[in-house]
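Remember, it's 1-based here, ligands and their atoms both numbered in the order they're listed.
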Amino acid sequence: MRHGATLGDTLHAQGHDAAGARALARVIEALAGAARELAEVIATPAAGESLGARVGSDNSDGDQQRKLDLVAEEICREALRGAGVGPYLSEETEGPLTLDPAGSLAVAIDPLDGSSNIEVNGVIGTIFSILPAPESAKADPEVAFTQTGRAQIAAGFFMYGPQTRLVLTVGAGVDVYALDRASGAFRLVESGVRIPSGGAEYAVNASNRRYWREPVRRYIDDCCLGADGPRGANFNMRWNGSMVADAYRVLTRGGLFLYPADSRRGYEHGRLRLLYEASPVAFLTEQAGGAAIDGQDPILDIPPSRPHARTPVIFGDADEVEILHQNHLVTSTTPRDARTRLGAAV
Ligand code: F6P
Ligand code: MG
């Protein structure tokens with residue numbers, strides 16, 4: 001598809017079966033409509049309105065909610081309501097809901113990723129995962145969210161930065177679109193994204209170093225030793241505090257992103273949520289030639305233990321991910337069977 005083509009054009013040109021392609025296109029276009037609306041709210045909030053204000057409630061997983069988290073949830077849910085989505089799971093909902101009992105697709109979504117960046121005018125985003133809705137999910141929508149990430153039909157994220165961008169995979173590579181504000185269309189700016197190899201750059205919240213386990217500490221310490229250390233190269237570090245922004249950089253420039261498990265209470269399985277943060281980014285990463293693991297296993301093979309389950313996350317350049325994987329194999333003391341369905345504890 002030529003650059004400048006609209007999202008609608010490219011979706012309809014995908015080689016899926018007709019009914020399946022139409023259902024998928026409807027959902028992705030609904031998400032694009034929500035992102036367009038959200039981008040407008042973010043860029044031009046009402047006078048005196050503080051979108052980063054804490055609203056005094058916590059979401060389902062104990063995170064402090066901001067005004068924009070709630071606005072984003074409302075916009076995304078309403079946009080998807082008429083788009084053929086059955087089971088729906090959001091970071092902001094207590095558990096899975098059914099939007100349309102006849103819907104053939106399920107959506108797991110983080111409506112507003114990187115909330116702590118709102119008040120500092122930093123990059124924020126919306127992450128989504130689209131799964132098939134099994135017949136049995138009609139009686140219980142949670143069934144749709146017991147599938148591993150391998151079942152994803154499409155996944156991606158919108159990024160609200162200097163430009164609003166969409167990074168999308170429907171299982172045939174990764175494409176990037178930019179919002180053309182004049183027409184309201186998302187237009188293709190890059191197709192067939194491949195993660196460059198050899199990028200000596202990593203993203204981690206290094207203030208947590210004292211809580212990390214040995215495999216992660218060793219990897220980062222080796223990077224910090226630079227050209228004089230075992231890696232023989234000077235590494236750079238970047239941390240946006242918003243996974244979408246870091247993921248976009250990794251897809252563009254290579255390197256690695258890590259949010260490992262650590263010894264803090266509540267971080268035993270890392271911070272990021274499997275279904276609507278880790279899995280969609282892992283799908284994009286693999287489609288761009290990279291790798292995404294929890295330390296030991298591919299993120300896409302981890303069965304969710306519950307809708308809001310967390311997982312340690314390491315993704316990016318496959319060679320760098322492999323170094324961390326080897327570190328874990330050497331030092332892991334956790335029996336594999338004990339880790340499954342509880343989320344890995346690396
Ligand atoms: O959604 C979780 C998230 O905001 C990610 O976007 C980001 O990478 C991470 O949390 C930041 O966590 P911390 O504040 O612990 O560095
Ligand atoms: Mg998030």
Side-chain angles (χ1 to χ4, degrees), residues 31 34-35 38 42 51-52 54 58-73 75-77 89-93 107-129 149 155-161 165 167 201-212 216 220 237-251 255-285 292 294 299 304 307-316 343:
L31 287 164
L38 206 40
I42 293 163
L51 294 171
R54 292 168 198 268
D58 287 356
N59 68 15
S60 57
D61 219 17
D63 286 349
Q64 173 84 53
Q65 286 176 312
R66 315 280 178 142
K67 175 91 191 289
L68 191 58
D69 285 317
L70 301 185
V71 172
E73 162 62 18
I75 290 176
C76 292
R77 197 195 301 188
L89 171 71
S90 159
E91 179 175 349
E92 307 303 334
T93 57
V107 171
I109 191 164
D110 179 356
L112 208 283
D113 181 53
S115 305
S116 70
N117 273 2
I118 302 170
E119 63 200 347
V120 299
N121 196 28
V123 174
I124 46 187
T126 299
I127 314 173
F128 61 88
S129 164
F157 60 79
F158 295 91
M159 179 184 176
Y160 312 107
R165 291 199 159 193
V167 182
E201 195 164 59
Y202 62 87
V204 73
N205 184 338
S207 69
N208 298 322
R209 183 185 180 282
R210 67 192 181 284
Y211 304 116
W212 296 337
V216 169
I220 298 295
M237 194 207 86
R238 287 285 182 269
W239 185 248
N240 272 286
S242 166
M243 186 178 56
V244 291
D246 284 317
Y248 192 81
R249 190 193 54 256
V250 168
L251 286 164
L256 200 71
F257 172 99
L258 303 87
Y259 209 119
D262 65 49
S263 60
R264 285 174 295 165
R265 218 169 141 187
Y267 287 77
E268 298 83 357
H269 305 300
R271 175 185 172 112
L272 302 173
R273 272 53 61 108
L274 176 59
L275 279 156
Y276 42 81
E277 294 182 315
S279 269
V281 168
F283 191 18
L284 289 167
T285 303
D294 66 355
I299 299 277
H308 295 291
R310 296 175 190 253
T311 179
V313 171
I314 298 164
F315 69 81

Q: Please confirm whether G114 comes under 4.0 Å of ligand 1, counting heavy atoms of the residue only.
A: yes
Q. In the protein, which heavy atom is nearest to atom 3 (C) of ligand 1, and how far is it?
A. R271 NE, 3.8 Å
Q.
Please evaluate residues R165 and F157 with respect to the criterion side chain to side chain contact (heavy atoms under 4.5 Å, CB included), reporting the C-alpha separation (whole Å), side-chain torsions for both, the decisive distance (0.1 Å), and the verdict.
A. CA-CA 8 Å; R165 291 199 159 193; F157 60 79; over 6 Å; no
**Q.** Side-chain touch R249/E201, heavy atoms, less than 4.5 angstrom
**A.** yes
(Q) Under a 4.0 angstrom heavy-atom cut-off, which atoms of ligand 1 come close to Y259? (A) 12 (O), 13 (P), 15 (O)
Q) What is the closest protein heavy atom to atom 8 (O) of ligand 1, and at what distance does it sit? A) M243 N, 3.4 Å
Q | T285 and I299, any side-chain heavy atoms less than 4.5 Å apart | A | no
Q: Out of S115, G241, G125, indicate the one that has the non-hydrogen atom closest to atom 7 (C) of ligand 1.
A: G241
Q: Could you check atom 1 (O) of ligand 1 against the protein and tell me its nearest heavy-atom contact, residue, atom and distance included?
A: E277 OE2, 2.6 Å
Q | Validation row: E73, T93 side chains within 4.5 angstrom (heavy atoms) | A | yes
Q: Examine all N, O or S atoms of E91, backbone included, and report whether one is under 2.8 Å from the Mg ion (ligand 2).
A: no
Q: Provide the number and element of each atom of ligand 1 under 4.0 Å from a heavy atom of N205.
A: 13 (P), 15 (O), 16 (O)
Q: Measure across L272 and F257 and return the closest heavy-atom pair with its distance rounded to 0.1 Å.
A: CD1-CE2, 3.8 Å
(Q) When you measure from the side chain of R310 to the backbone of R271, do you find a donor-acceptor pair of N or O atoms at a distance under 3.5 Å? (A) yes
Q: Provide the atom name of the closest N, O or S atom of D113 relative to the Mg ion (ligand 2).
A: OD1
Q. Side chains of V167 and M159: closer than 4.5 Å at any heavy-atom pair?
A. no
Q) For L272 and ligand 1, does the shortest N/O to N/O distance drop below 3.5 Å? A) no
(Q) Does any part of the side chain of V123, heavy atoms only, come nearer than 4.5 Å to the side chain of Y248, both counted from C-beta? (A) no
**Q.** Nearest non-hydrogen protein atom, atom 11 (C) of ligand 1
**A.** W239 CZ2, 3.9 Å
Q. How about V281 and V313: do any of their side-chain heavy atoms sit closer than 4.5 Å?
A. no
Q. Restricting to N, O or S atoms of D110, which is nearest to the Mg ion (ligand 2)?
A. OD2
Q: Taking the Mg ion (ligand 2) as the reference point, name the nearest N/O/S atom of E277.
A: OE2
